[in-house]
Amino acid sequence: MTRIKRGYIARKRRTKIRLFTSSFRGAHSKLTRTISQQKIKALVSANRDRDRKKRDFRSLWISRINAIIGQNKNIYYIYSKLMSNMHKRQLLLNRKIVAQIAILKGNCIFMIANDLIKK
């Protein structure tokens, strides 16, 4: 039987993995076994942190809304009451939009809060 040299295909596969991990430090970008482990770990972390990012942004928006609402000394209002009253009045704004309104137009959020209290 003739000898089959299969180094090209294996080298091609390893090179493809190396391109993915080229920015990693030390052995994580040099050694083939470590590269494959780090690639798996990186992909797992990326998948997990996409969900975590959504959580982090939601908590950021909540804290921004609460901070702006708490600044007004005329009416005592907290985040949970604001959101429950908005839900009861069927004012369907998500937390991202309410946070943007609070940051950019603080008076507007106070007008909304006052209107919710009066009704």
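- Residue Ile101 holds its CD1 atom at 12.5 Å from CG of Asn107, rounded to the nearest 0.5 Å.
- Every residue two or more places apart in sequence or in another chain was checked for a salt bridge (Lys or Arg N to Asp or Glu O under 4.0 Å) with Asp56, and none qualifies.
- Residues Ile97 and Leu91 share a hydrophobic cluster, clusters being chains of Ile/Leu/Val/Met/Phe/Trp/Tyr side chains in contact below 4.5 Å.
- Considering CG of Leu43 and CZ of Arg48, their distance stands at 12.0 Å, rounded to 0.5 Å.
- Separation of atoms CG (Leu104) and CD1 (Ile109) is listed at 11.0 Å; rounding is to 0.5 Å.
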task: List the steps, then state whether side-chain contact (heavy atoms from CB on, under 4.5 Å) holds for Leu82 with Ile78.
output: CA-CA 6 Å; Leu82 174 72; Ile78 56 173; over 6 Å; no

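- Ser29 approaches Ser22 most closely through the heavy-atom pair CB-O, 4.3 Å.
- Through direct or relayed side-chain contacts under 4.5 Å between Ile, Leu, Val, Met, Phe, Trp and Tyr, Ile35 connects to Ile17.
- Residues Thr32 and Arg18 bring a donor and an acceptor atom of their side chains to less than 3.5 Å of each other.
- Looking at every heavy atom in both residues, Arg64 comes nearest to Ala99 through CB-CB, 4.5 Å.
- In the hydrophobic clustering (ILVMFWY side chains linked at under 4.5 Å, chained through shared members), Phe57 is joined by Leu60, Trp61.
- Between the side chain of Thr15 and the main chain of Arg11, a donor-acceptor pair closer than 3.5 Å is present.
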- request: Start with the C-alpha gap between Phe24 and Thr34, add the side-chain angles, then the distance that decides, and say whether side-chain contact (heavy atoms from CB on, under 4.5 Å) holds.
  value: CA-CA 11 Å; Phe24 294 0; Thr34 317; over 6 Å; no

query: Can you check side-chain contact (heavy atoms from CB on, under 4.5 Å) on Met86 and Met83, steps first, answer last?
result: CA-CA 5 Å; Met86 284 174 66; Met83 294 312 280; 4.1 Å; yes

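- Interatomic distance, Asn47 CG to Arg52 CZ, rounded to the nearest 0.5 Å: 11.5 Å.
- Between the CG atom of Asn66 and the OG atom of Ser59 there is a distance of 12.0 Å, given to the nearest 0.5 Å.
- Residue Lys41 holds its NZ atom at 13.0 Å from OG of Ser36, rounded to the nearest 0.5 Å.
- In the model, Tyr79 has a side-chain atom that pairs as donor or acceptor with a side-chain atom of Arg95 under 3.5 Å.
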